[in-house]
Participant: 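If you scroll down you'll find the structure; I have some questions about it.
Per chain, numbering begins at 1; letters A, B, ... match sequence-line order.
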Amino acid sequence: MSTSSPAPENTAPETGTARVKRGMAEMLKGGVIMDVVTPDQAKIAEDAGAVAVMALERVPADIRVEGGISRMSDPDMIDGVIEAVSIPVMAKARIGHFVEAQVLQALGVDYIDESEVLTPADYDNHIDKWAFTVPFVCGAVNLGEALRRITEGAAMIRSKGEAGTGDVSNATTHMRRIRQEIRRLQNLAEDELYVAAKELQAPYELVKEVAASGKLPVVLFTAGGIATPADAAMMMQLGAEGVFVGSGIFKSGNPEQRAEAIVKATTFHDDPDVIAKVSRGLGEAMVGINVASLGEDQKFAHRGW
Amino acid sequence: MTAAPPTIGVLALQGDVREHARALESAGAKVITVRRPGELERVDGLVLPGGESTTMWRLARTFDLLEPLRKRVEGGMPAYGSCAGMIMLADRIRGGVAGQETVGGIDMTVRRNAFGRQVDSFECAVPLTGMGEEPYRAVFIRAPWVESVGEGVEVLGRAEGGRNAGRIVAVRQGRLMATSFHPELTGDHRVHRYFADLVRRAMTEED
């Protein structure tokens, strides 16, 4: 038996708890997170109503064109973005690159995206995200992958889609698949969940929790190929709780107006009149690449496991 | 005979709407989401959720909700704001973006992101006046604090322990209340029950 003195967690403030990390993602819900490569773009995103920005050196569309190895951004660039805006700032680390993540945490970023858009640093292991105070978001193409990331400590999940294409079809596929697999779990008998966990390659306790609640234990956003207000609204109607837009804004003809339009369409995702109104006169969308024309080795979504 | 449950709206422009809705339902309220002036007219009270205050302000402004919100608050509608919602209910803010407006109503100055960035976000115990003996397990996320309050504002809670001890984190002025932290993220619904009771009393007073 312990003595009657109160537990230390009741007196001292505790940082980096699961509730604080997952809670941060809850606050982003219904919002749009925009990729930015300069402080000026970050400002445009904030003025358009973004709930957060993702600071990176090259948007995915440019990473595709230029090729080579993609890494964490220069700390100076990230500092510049943090200086420029008062909304949360996220940044990307390579899959498995825990030192890039340590650096990003030291810089004071608000969320780390362990991202398949960058070149993986470890083809076996993801980052042990429990070891950090800063929360992580990770991509997933299906429920098993989402649950494995959550097991490693991810506090937010985004469907991967195919970044840098402007083609929404893979975002759709991944979001539908995750939601469908959750619905399937809900219909299984309790004694069938053991095999389901085996098939999903995910811990049984987590599978049981999802089967009971009908949702992931963390917030689920969409990403990868969202280029228009209607794209964003469709993903929200398919069950996304918010939207990442990468190349779609600053690779388009009129970033200010498009950014604002996507924010509005995300909030009023179930109102076609609003979506029609904000979709007018946006100018050129990003040029885009049909995902079907990409070779398997050019797809980012295969990175991560 | 029991009275009909109050209809409490949750401002649903952005943020953790569902968590507030669930907490309010468990406090016995009928809950609707509010994104349009017509929906605002139907509620007996309103919760302004956690989220990004600059996003909420811009959307409220663009979709002609800011003035109706101010009118209802001035007209005595009970309202409760958590985190970003606290900023929205403050008469004065610091650390906002250029031109950032609020609904206002509570005579206080609130500093946005006062507790720091996400790595500084924390949980701690906060005793709350009028909500039972047990301190509240409060979750602060890039949270604001109340820098100063006018005479009519009652301080319901202050942060304890650590470098932020003594900071005002929960207030009430008449039918309006606000917290820096997120009671909707915990299973402890005392704050929402307190607010639902406040809405019920306001309805009785107006009958």
Side-chain angles (χ1 to χ4, degrees), chain A residues 6-32 43 46-52 82 85-90 104-112 132-135 155 215 219 241-242 260 263-264 266-268 270-271 274 278, chain B residues 12-20 33 35-36 49-59 61-63 82-84 95-100 112-113 115-126 134-135 137-143 159-165 181-182 184-186:
Chain A
E9 66 265 23
N10 283 333
T11 52
E14 270 188 295
T15 58
T17 63
R19 220 158 29 183
V20 163
K21 290 173 167 181
R22 293 178 180 187
M24 171 76 208
E26 302 285 353
M27 301 312 142
L28 300 170
K29 281 193 302 194
V32 182
K43 201 70 204 124
E46 184 178 62
D47 290 347
V51 290
I82 288 176
V85 294
S86 63
I87 56 176
V89 175
M90 301 184 167
L104 293 173
Q105 174 165 294
L107 292 174
V109 306
D110 297 296
Y111 236 96
I112 295 176
F132 290 78
T133 307
V134 66
K215 64 182 287 297
V219 166
E241 296 180 284
E260 244 181 74
V263 169
K264 291 172 191 167
T266 300
T267 293
F268 288 91
D270 54 353
D271 186 336
V274 172
V278 303
Chain B
L13 296 171
Q14 189 273 318
D16 68 335
V17 176
R18 189 180 54 212
E19 286 62 32
H20 275 291
T33 55
R35 288 179 297 177
R36 300 175 181 82
E52 176 47 53
S53 65
T54 60
T55 302
M56 285 184 208
W57 155 59
R58 288 178 210 279
L59 287 168
R61 159 67 62 217
T62 311
F63 288 95
S82 72
C83 197
V97 297
Q100 186 172 348
R112 185 166 162 252
N113 299 338
F115 287 100
R117 305 194 67 84
Q118 173 61 14
V119 288
D120 306 309
S121 293
F122 64 100
E123 297 184 20
C124 76
V126 175
E134 188 72 17
R137 189 71 190 160
V139 182
F140 295 83
I141 296 173
R142 284 174 55 99
E160 283 196 344
R163 61 194 159 106
N164 299 311
F181 55 88
H182 297 281
E184 74 278 12
L185 291 184
T186 66

Participant: Thinking salt bridges, do A/K29 and B/E52 make one under a 4.0 Å N-O criterion?
Facilitator: no
Participant: Apply the test salt bridge (charged side-chain N to carboxylate O under 4.0 Å, His left out) to residues B/R137 and A/E14: give CA-CA distance (whole Å), side-chain angles for both, the deciding distance (0.1 Å), then the verdict.
Facilitator: CA-CA 11 Å; B/R137 189 71 190 160; A/E14 270 188 295; 2.8 Å; yes
Participant: Is any side-chain heavy atom of A/M90 less than 4.5 Å from a side-chain heavy atom of B/Q118?
Facilitator: no
Participant: Could you state the interatomic distance from CZ (B/R117) to OH (A/Y111), rounded to the nearest 0.5 Å?
Facilitator: 14.5 Å
Participant: Which heavy atom of A/M24 sits nearest a heavy atom of B/I141, and at what distance?
Facilitator: N-CD1, 3.5 Å
Participant: Measure A/V85 against the heavy atoms of chain B and call it side chain, backbone, both or neither at under 4.5 Å.
Facilitator: neither
Participant: Mind listing the closest non-hydrogen atom pair of A/P13 and B/C124 along with its distance?
Facilitator: CA-CB, 3.9 Å
Participant: Please flag which part of B/L59 lies under 4.5 Å from any non-hydrogen atom of chain A: side chain, backbone, both or neither.
Facilitator: side chain
Participant: Return the set of residues passing side chain to side chain contact (heavy atoms under 4.5 Å, CB included) with A/K21 (not counting sequence neighbours), or none when no residue passes.
Facilitator: A/P135, A/A155
Participant: At a heavy-atom separation under 4.5 Å, does A/A48 approach chain B through its side chain, its backbone, both, or neither?
Facilitator: backbone
Participant: Would A/K264 and B/R58 count as a side-chain contact (heavy atoms from CB on, under 4.5 Å) if you check the C-alpha gap in whole Å, the side-chain angles of each, and the deciding distance to 0.1 Å?
Facilitator: CA-CA 10 Å; A/K264 291 172 191 167; B/R58 288 178 210 279; over 6 Å; no
Participant: For A/V20 and B/S121, work out which heavy atoms get closest and say how close.
Facilitator: CG1-CB, 3.4 Å
Participant: Is it true that A/D271 and B/R35 make a salt bridge, defined as a side-chain N closer than 4.0 Å to a carboxylate O?
Facilitator: no
Participant: For B/V119 and A/F132: C-alpha separation, side-chain torsions, deciding distance, then whether side-chain contact (heavy atoms from CB on, under 4.5 Å) applies.
Facilitator: CA-CA 9 Å; B/V119 288; A/F132 290 78; over 6 Å; no
Participant: Check B/Q14, B/H182, B/E19, B/R142 against A/M27 for a side-chain contact (heavy atoms from CB on, under 4.5 Å) and give me the one that passes.
Facilitator: B/H182
Participant: Name the member of A/I82, A/T17, A/I87, A/L28 that forms the most heavy-atom pairs with chain B at distances under 4.5 Å.
Facilitator: A/I87
Participant: With only heavy atoms counted, which part of A/F268 is less than 4.5 Å from chain B, the side chain, the backbone, both or neither?
Facilitator: both
Participant: Once rounded to the nearest 0.5 Å, what's the spacing between atom OG1 of A/T266 and atom CG of B/L13?
Facilitator: 12.5 Å
Participant: May I ask you to decide whether A/E241 forms a salt bridge with B/R18, counting only side-chain N to carboxylate O separations under 4.0 Å?
Facilitator: yes
Participant: For a quick test of reading the model, state the closest non-hydrogen atom pair linking A/R19 to B/L185 and the distance between them.
Facilitator: CD-O, 3.8 Å
Participant: Between B/F63 and A/V274, is there a side-chain heavy-atom distance shorter than 4.5 Å?
Facilitator: yes
Participant: Which atoms of A/A50 are under 4.5 Å from chain B, going by heavy atoms: the side chain, the backbone, both sets, or neither?
Facilitator: backbone
Participant: Answer with side chain, backbone, both or neither: which region of B/N164 has an atom nearer than 4.5 Å to a non-hydrogen atom of chain A?
Facilitator: neither
Participant: Measure B/A138 against the heavy atoms of chain A and call it side chain, backbone, both or neither at under 4.5 Å.
Facilitator: neither
Participant: Side chains of A/S86 and B/R112: any donor to acceptor distance under 3.5 Å?
Facilitator: yes
Participant: Holding to side-chain hydrogen bond (donor to acceptor under 3.5 Å, both in side chains), I want the full list of residues that pass it with B/Q100, two or more places apart in sequence or in another chain.
Facilitator: B/S53
